[in-house]
Amino acid sequence: MAYNFKIIERKWQGYWKKNQTFKAINDNKLKKYYILDMFPYPSGAGLHVGHPLGYIATDIIARYKRHKGFNVLHPQGYDSFGLPAEQYAIETGKHPADTTEKNIKQYRRQLDRMGFSFDWSREIRTSSSNYYKWTQWIFLLLFDSYYDLNKDKAKSISDLVYHFENNGTLQLNAVTDNIEQFNSDDWKSFSFSKKQEILLRYRLAYLSETEVNWCPNLGTVLANDEIINGVSERGGFLVEKKKMKQWSMRIGAYSERLINDLEKIDWPESLKEMQRNWIGRSVGAFVKFKIKGHEEEIKVFTTRPDTLYGVTFMTLAPEHNLTLKITTNEYRSVVKKYINSSRKKSELDRMSDVKTISGVFSGSYAIHPFNGNEIPIWIGDYVLSGYGTGAVMAVPCGDQRDYDFAKKFKIPIKNIFSNKDISKCAFVQKSDFKLINSGFLNDLEYEPAINKVINYLESKNFGKGAINYRLRDAIFSRQRYWGEPIPVYYKNDLPIPLSLKDLPLKLPKVKNYLPTSDGAPPLGNATKWAWDISKGKVVDNSLINNIDVFPLELNTMPGWAGSSWYFNRYMDACNENEFVSKKAVNYWKEVDLYLGGSEHATGHLMYSRFWQKFLYDLGYLPVDEYAKKLINQGMILGYSAFIHRKKGTQEYYSSNLLGNYKTEPIRVDISFVNSSNELDIEGLKESQIQYRKSKFKLEKGKFFVTREVEKMSKSKFNVVNPDEICEKYGADTLRMHEMFLGPLEQSKPWNTAGISGVHSFLKKLWRLYHPNKNFSVNNEKPTKKSLKYLNQTIKKVTEDIESQSFNTCISSFMICVNQLTSEKCNERQILEPLIILLSPFAPHISEELWSLLGHNSSIAKVKYPKYDSNQLVELSKNYPVSFNGKMRFTIELSLDLPIKEIEKIILNDKRTKQQLKGKQIKKVIVVLGKIINIVV
RNA sequence: GCGGGUGUGGUGAAAUUGGUAGACACGCUAGACUUAGGAUCUAGUGCUUCGCGGCAUGGGGGUUCGAGUCCCUUCACCCGCACCA
């Protein structure tokens, strides 16, 4: 009987489904292992061969851990809210829910075909209302919380109200953008709406007028991490700044903990570094400058308070709220013009135009807090409104940007560094200098100067030492339809939250998915989108003038909302009463291994850590980091094909004929190109009309394309569908081939060149159990050699799975099978453990062979074999490698031996004995059971 | 500019962490077999030389009995951040 993977794979996939083989139970007697993939967005294009890479890796580990006796949680679901389904709805009028449902079916079919051991009874979808009910609930919690800096954790807003009632803002240390100070009597005298406005400035989910990244083409705002190089991540559209009333999340409150706790988790160092940079912690001081002839003060942040005496001017961002106030009449029109022109600059222009220095003088002067000097105040767009206070004290001698600005506008530069030449550029080092011209700081170096100046600033109330973060609060509103509705209604313009019993607040039906004619988000098209307090339910908009009916929020939540807590939901996916039960979360606690792409470093992986910490603060979760270990799998890249058209014609030239012409490359679908880069012209012409009349200039009767490695994507015509591979070679071959392609973390182009190697390995394996074409194994005692090969393989494979080196692991299997084949091994005692080892990699063929071996239950439930070190002890080669004054030898052994055995081996070895020349052995060092250094 | 990473045959890659560089696989070459199958098996395959041998882990230098691995320097490529005060 030949290896018929089609029949075998269908058979066992059916068996696993029917028997619920991979269902995890919430049983706290068993050791748990929680292994998770980043759940996919179900796009219309279906899966390509890049998607399963991570799933195959986690599936191998999941199956391995089950063999090792762990209760494994290996779930899967869909991040099913998102833009593509909505764009499709706009174009076709089809409801995003229908499109999503269709796509999910396709994904599931493809996933099932690869034999993954997911526990589908825990499947979740972020767009299903019994899931987003809890996303909304978490939003309500965030709305109902503030951050207490004394306790360094989130607390209920009622605690804050209590504090206000007793002390006002006195002795309050909370994260807020409120600057108003008041006492308890003031608080009591405030109106209801005034109180609410103040509380909004403390809530972790808050509504405020903020400057946002507005993308006109997408018709929505975007978070910072959704913008790449000044354009939108999706679609690459321009982004501009715009003031809007928006929901935000006070993620900044967690900056310090988000940085510090990176220490606790085993994540890739590069990814941690990215998060650190994104949070952008910098230590320095806030300094207040009085303005001549004005009440207001300018507050600046600086990391170099030691250079305060070097300040010769100040610069405000054009968007700073004092710019117009302090501008004198003389300069008003120039400043206004400047502000307008910089507002018009898109984010992209502003970034690409870093080198041009621009700015205008405001006409006003600030007062230096130490020496009373008058310092001119300038407006310049090199100062960003979003960082620090949007104002800087300019120290041209110590900062290159200030230096360039001063040079350009002929502002004096004062040198405060001894023996430093600043005629060409600023002196920016933090070491190797002493201060001069700096009053009480003269002769001090960096560190002592910083300490002294901060003490002074604080004692005189001129400022204080502080830590500033680059991390901005996350905008939470999206002007989209296909997202979680924000469970809030408006009464007198104030947001009032719904309560848990009113959830889920389900998405309303709308006629169309575009913004309304007056610019409101798509939910503005809904006719039934008002909240009736008395009935506690959604009612028709026409009732809004009734006393109990109010308009509901029209914005929806961003894509990252649903993905910020889903890993907790898997622990108890069907719970209707809680987002996750205490019992479940105390058992599963956290993800042991999380696998996904590094592109989520500053988005999902940041927000989810924030929500986890928040829910931990409120006591809903037992741990404040949800993923112990994280691995970024590399991308599988596509191998795009290009044909080259002579400019302005319909003539295409084969790749070696290009030299003499001006041509432009055009992508063609890689299905028309074979592995030697030859184009199937007829096939191309047949399927794509635009080529019917084109001329193809051949070389030696053939037409060749050029190739380029790029991200695999439908729009680049370079996707390879896993279904094709499954059809041709089977899922087991696909799984092993993807793992054999190279190290998991590395990005690599897809190629099918090596796939035959893996496929023939599986066939060889099959033959091992089918000598003479029929299945047979014998119960005789295996040869010593066979036993050695088996035990070697157990050891190597186990180590490799533990360290996720799947490619070398597969090599070991290949070596083993080759060795056993040449040994003509057919003993059950060898073949039974071998197939258990292989089953995580190639589950279908393993199940089949396992059942042929006469076992009734699934191989997935079987215990992992242990290697017998005695079988490995064999001195194949031993040799002294080197000799120096200390007399050191290296001998290769097969395994750790008792010390007496080692001595015997050493003394028995002719060459070693020779070198020892009868000297006494003083010390034997055994490293990793293999290398021995002998000191004599 | 700052931060992180990578560099080994024709190709994907190994190398027990300082100990025989190139395992394993693809490809290629030669051969065997045949029930003609996207088969299987055997041998060879870093470069150089008829061979002995010599040279090889981007380049240069260093430490060491011994370096792909550690240190210094330099080049190339990839990724992330980027007027962050």
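Chain letters run A, B, ... following the sequence lines, proteins first, then strands; residues in each count from 1.
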Any-strand Watson-Crick or G-U partner of [N], both distances under 3.5 Å:
N: B:rA36; value: none
N: B:rC52; value: none
N: B:rC41; value: B:rG31
N: B:rA13; value: none
N: B:rA82; value: none
N: B:rG19; value: B:rC65

Exercise. Looking at the angle O4'-C1'-N9-C4 for a purine or O4'-C1'-N1-C2 for a pyrimidine, is B:rG31 syn or anti, with syn meaning within 90° of 0?
Worked result: anti
Under-4.0 Å salt bridge between [X] and [Y]:
X: A:E799; Y: A:K795; answer: yes
X: A:E727; Y: A:K6; answer: yes
X: A:E269; Y: A:R276; answer: yes

Seminar exercise, completed: Per nearest nucleotide of RNA chain B, the residue lying toward the 5' end, A:R470 or A:K748, is A:K748
Problem set entry | Which residue lies more 5' along RNA chain B, comparing A:K764 with A:Q746 via nearest heavy atoms | A:Q746
Exercise. Touch check for A:T602, heavy atoms < 4.0 angstrom, all strands: base, sugar-phosphate only, or nothing?
Worked result: nothing
Exercise. Counting any heavy atom closer than 4.0 Å, what does A:P743 reach on the DNA or RNA strands: base, sugar-phosphate only, or nothing?
Worked result: sugar-phosphate
Problem set entry | Contact under 4.0 Å: A:N751 side-chain N or O vs B:rC26 OP1/OP2 | no
For this session: Give a yes/no on whether any side-chain N or O of A:N818 is located under 4.0 angstrom from OP1 or OP2 of B:rA25.
Result: yes
Given [options], which nucleotide is nearest the side-chain atoms of [X]?
X: A:N807; options: B:rC83, B:rA13, B:rC24; answer: B:rA13
X: A:F740; options: B:rA25, B:rC26, B:rU40; answer: B:rA25
X: A:S811; options: B:rC41, B:rG38, B:rA23; answer: B:rA23
X: A:A753; options: B:rC41, B:rA85, B:rC26; answer: B:rC26

Find the distance [X]:[atom1] to [N]:[atom2] and express it as a whole number of Å.
X: A:H759; N: B:rC26; atom1: NE2; atom2: C1'; result: 15 Å
X: A:I259; N: B:rG3; atom1: CD1; atom2: C1'; result: 14 Å
X: A:N632; N: B:rC78; atom1: CG; atom2: P; result: 20 Å

Exercise. So which of residues 306-316 of chain A are in contact with RNA chain B, with a heavy-atom cut-off of under 4.0 Å?
Worked result: none
Problem set entry | Close residues, residues 269-282 of chain A, relative to RNA chain B [heavy-atom separation under 4.0 Å] | A:S270, A:E273, A:M274, A:S282
For this session: Specify whether A:H759 and A:Y3 have parallel, tilted or perpendicular ring planes, treating 30° as the upper limit for parallel and 60° as the lower limit for perpendicular.
Result: tilted
Exercise. Pairs in or reaching into residues 747-757 of chain A: which pass side chain to side chain donor-acceptor pair (under 3.5 Å), with residues at least two apart or in two chains?
Worked result: none
Exercise. Any chance the rings of A:Y729 and A:F5 have centres within less than 6.0 Å?
Worked result: no
For this session: Answer with yes or no after comparing the ring centroid distance for A:F289 and A:F462 against a 6.0 Å cut-off, counting only values under it.
Result: no
For this session: Say whether A:D800 and A:T808, considering side chains only, have a donor N or O and an acceptor N or O under 3.5 Å apart.
Result: yes
